[in-house]
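Structure record follows, encoded as structure tokens.
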Amino acid sequence: MAPQTRGMSFPKVLIERDSNSEESSSEEEEEDDDVQNDVAEESDDEHVEEKDEASTSTRIRREPITISLKKVCKVCKKPGHEAGFRGATYIDCPMKPCFLCKMPGHTTMTCPHRVATEYGVAPAPHKSTHSSLEYVFERQLRCRVSAIKPAFLIPNKVNCAVIRYHSRRITCLEFHPTRNNILISGDKKGQLGVWDYGKVHERTVYGNIHGCILNNMKFNPTNDGTVYGASSDGTISSTDLETGISLSLLNLNPNGWQGLERVSESVGGAKVTMGPSSWRMLYGLDMNSDKGILLAADNFGLLYMVDMRSNNVTGKPILIHKKGSKVTGLHCHPLQPELLLSCGNDHFARIWDMRRLEAGSSIYDLSHKRVVNSAYFSPQSGSKILTTSQDNRLRVWDSIFGNLDSPSREIVHSHDFNRHLTPFRAEWDPKDASECLVVVGRYISENYDGIALHPVDFIDVSKGQLVAEVMDPNITTISPVNKLHPRDDVLASGSSRSIFIWRPQENFELKRPRDENRIVLCGKGEKQRKGKFEDDSGDDFDNGTYGSKSLKTKKPFLKSKAYGSKRKC
DNA sequence: AGGGAATGGGGCC
DNA sequence: TGGCCCCCCTTCCC
């Protein structure tokens, strides 16, 4: 069956970049092949050092503490092997647990979860609780989940991008609820971007709303011209997207945030007696439309509520996660307004009843091995839960009314914590009626024809199967932030400071990473250039091409039959 | 070009 | 509880 095309025509690929031109032409890499060589050279003798003879001849002295210049592994500091990149392939330290599944005894390269077609699924421990309650809810809610899985249509081809639009890494993305081509973005500096990716050049950045990390944004359900934001500066904002005029609805650091002052390195003045340990940061924004309240939580485990009509704080902060620990996310149930899902650094995701919201009164505590970056109800029926945890596992609970003691599935997936990356969050496809398709960026790289690339993965969470991994040779940075469009077949990715818009394209070629057999999707005919997008010749690039002049198409991508994004399951 | 900085989380005492 | 140290595939700027 021919690959489907729901997304019809593809506009030209357009790249927008801030004028801040920083020509990056330096890194033309003629020497793809040399990379290979220096790998082989590791048999270096010149590093062995005179230490050897010293120790043989002068036995008398105690074994000196001299630093051997012999190469050691940068991870375990032991000689005999070296971790790190060899060319575009990363070699793990064999002394450490697998970087992917965290189990000892093998490395990422040989990890069973990496080579498996079912991408690292741990079978669910079978449960056998069938209460009548469960039965009722199954009938009421479960029926909303389509039993028939539609063919997944994967946005696999970069359609346009804004490079250096933000000045710091992207931290959140949100599609406009009614205007199809509008994407808003937040960054680490607290700036809010509004981009019309239909008209690539129309974008605005508001820089005076927040002082640092904009963690979450949500459109106002009653007025989609305004957007709420929760920031690590400890405030919730309400911003008019047209004017950029912003209101602060909550401020947890009313005495100022010393960090901000220090960063802007102003103020030789009085030292405030605040320290990092008392700064309050806000995460996880969502709203309960029923009650008309906005919810956000902080890094001390507290939940705050703001009345959306009066814009005033309502009620007292409620401890919803371990005291002093960060709440990383909040999500209100799409159908049942009384249900709230939270997750945090205390290794739990918790389900709450909004009618009985007080410390310790959660309905369920979903236990994880590590910090939970995100927890979401499924987008349409809300009957499933998906979490992303720093133990490199996605967890799925198939029915919130069933036995929640353990997840229905654990899917091993590389989305490690890294201090300098926005935390990865697996996101549902809001259009998928079967509530199976999920998108999540991948941390570990793949040697992709000599370039280390970090794909964005599409996973069928009902099976744990990797449906597609999409990548682009021009995106060499990790893409931890991903969002699927509520109506269109569009994926938005935030990768470092750049934002990319992907659309489906059937005319894609099969491509194999250098080291193994997995199938990946990649653009065809693009230049393979390790570097950045170029736009020095203007913006109108041909479809399928990012560069213009100096486009050296090197080794063409492997030819094979088209792999439409049509995987049925 | 290579070193440093960026304010996150865990484990240990 | 708090301070200290470590850290595995970062990224970008100086």
Side-chain angles (χ1 to χ4, degrees), chain A residues 18 20 22-24 26-27 73-78 81-102 104 107-109 111 114 163-164 166-171 187-190 211-213 215 232-234 257-263 265 274-281 283 299-300 322-326 328 344-347 368-373 389-392 414-424 441-448 451-455 475-481 494-498 513 515 530-532:
Chain A
D18 263 5
N20 160 16
E22 152 222 86
E23 276 325 300
S24 57
S26 43
E27 65 244 323
C73 170
K74 66 175 181 185
V75 176
C76 71
K77 313 284 188 283
K78 295 205 174 70
H81 64 274
E82 270 187 273
F85 275 106
R86 296 189 191 170
T89 304
Y90 192 92
I91 309 296
D92 273 356
C93 169
M95 311 304 273
K96 292 281 185 173
C98 170
F99 192 59
L100 172 57
C101 74
K102 309 300 177 196
T107 64
T108 308
M109 205 63 81
C111 178
R114 189 181 198 219
I163 319 277
R164 281 159 215 273
H166 284 275
S167 60
R168 293 286 185 273
R169 61 164 212 253
I170 303 296
T171 53
D187 73 18
K188 191 175 154 260
K189 218 172 156 189
C212 66
I213 314 180
N215 290 306
S232 285
D233 66 7
W257 200 48
Q258 200 190 348
L260 291 183
E261 290 166 13
R262 212 207 289 154
V263 166
E265 64 189 286
M274 291 183 72
S277 59
S278 63
W279 296 338
R280 290 185 179 265
M281 316 186 196
Y283 298 83
N299 54 332
F300 286 83
K322 185 178 168 190
K323 191 178 169 203
S325 76
K326 184 199 286 182
T328 52
N345 272 14
D346 62 356
H347 302 192
H368 293 69
K369 292 211 183 65
R370 290 291 207 92
V371 168
V372 189
N373 289 347
S389 170
Q390 289 182 9
D391 65 354
N392 262 4
S414 171
H415 48 254
D416 282 71
F417 171 78
N418 180 315
R419 180 183 182 175
H420 310 294
L421 296 176
T422 304
F424 289 84
R442 196 194 304 171
Y443 187 22
I444 49 173
S445 61
E446 204 78 70
N447 181 344
Y448 186 73
I451 312 174
L453 298 177
H454 309 264
I475 308 175
T476 54
T477 47
I478 296 171
S479 307
V481 188
S495 192
S496 185
R497 292 160 48 172
S498 304
D515 308 312
K530 184 175 195 162
K532 304 162 177 111

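Just so it is clear, the values below take in all heavy atoms, side chains as well, and ignore hydrogens, waters and symmetry mates. Naming convention: chains lettered A, B, ... in sequence-line order (proteins, then strands); numbering from 1 in each chain.
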Original post:
Please walk me through it: do Arg497(A) and Ile163(A) pass side chain to side chain contact (heavy atoms under 4.5 Å, CB included)?
Top reply: CA-CA 7 Å; Arg497(A) 292 160 48 172; Ile163(A) 319 277; over 6 Å; no
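Taking only side-chain atoms of Phe417(A), from C-beta outward, the nucleotide of dG9(B), dT11(C), dA6(B) with the closest atom is dG9(B).
Of the P atoms belonging to dC14(C) and dT7(B), the separation is 16 Å, rounded to the nearest Å. Between dG11(B) and dC9(C), the distance separating the two C1' atoms is 23 Å to the nearest Å.
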**OP:** Report the secondary structure of DNA chain C in dot-bracket form, marking unpaired bases with a dot and bases paired to a different strand with |, and treating Watson-Crick or G-U pairs with both distances under 3.5 Å as paired.
**Re:** .||||||..|||||
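At the phosphate of dA6(B), neither OP1 nor OP2 sits under 4.0 Å from any side-chain N or O atom of Lys189(A). Not one side-chain nitrogen or oxygen of Lys326(A) sits closer than 4.0 Å to the OP1 or OP2 atom of dG8(B).
Listed by chain and number, the residues in a side chain to side chain contact (heavy atoms under 4.5 Å, CB included) with Ser445(A) are Phe85(A), Ala452(A), His454(A) (sequence neighbours excluded). With sequence neighbours excluded, no residue satisfies salt bridge (Lys or Arg N to Asp or Glu O under 4.0 Å) with Lys96(A). When the side chain to side chain donor-acceptor pair (under 3.5 Å) test is applied to Thr422(A), the partners found at least two apart in sequence or on another chain are Arg169(A).
Scanning both residues, Ile451(A) and Ala88(A), for their nearest heavy atoms gives C-CB, 3.4 Å.
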Under 3.5 Å, which N/O atoms of the protein pair with N/O atoms of nucleotides 7-9 of chain C?
residue, atom, partner, partner atom, Å
dC9(C), O2, Ser445(A), OG, 2.8
dC9(C), N3, Ser445(A), N, 3.3
dC9(C), N3, Ser445(A), OG, 3.4

Where do N or O atoms of nucleotides 10-13 of chain B meet protein N or O atoms at under 3.5 Å, pair by pair?
residue, atom, partner, partner atom, Å
dG10(B), OP1, His347(A), NE2, 3.4

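A donor-acceptor contact shorter than 3.5 Å links the side chain of Asn299(A) to the backbone of Trp279(A). Counting only distance, with no hydrogens or angles, the side chain of Ser389(A) and the backbone of Val371(A) share a donor-acceptor pair below 3.5 Å.
If you measure from atom NE2 of His415(A) to atom P of dG9(B), you get 14 Å, rounded to the nearest angstrom.
The residue among Lys323(A) and Arg168(A) whose nearest nucleotide of DNA chain C is located toward the 5' end is Lys323(A).
Counting non-hydrogen atoms of neighbouring residues, nucleotides and ligands closer than 6.0 angstrom, the NZ atom of Lys322(A) reaches no more than 12 such neighbours.
Considering Thr328(A), Asn345(A), Asn373(A) in turn, Asn373(A) is the only one that fulfils the side-chain hydrogen bond (donor to acceptor under 3.5 Å, both in side chains) rule with Gln390(A).
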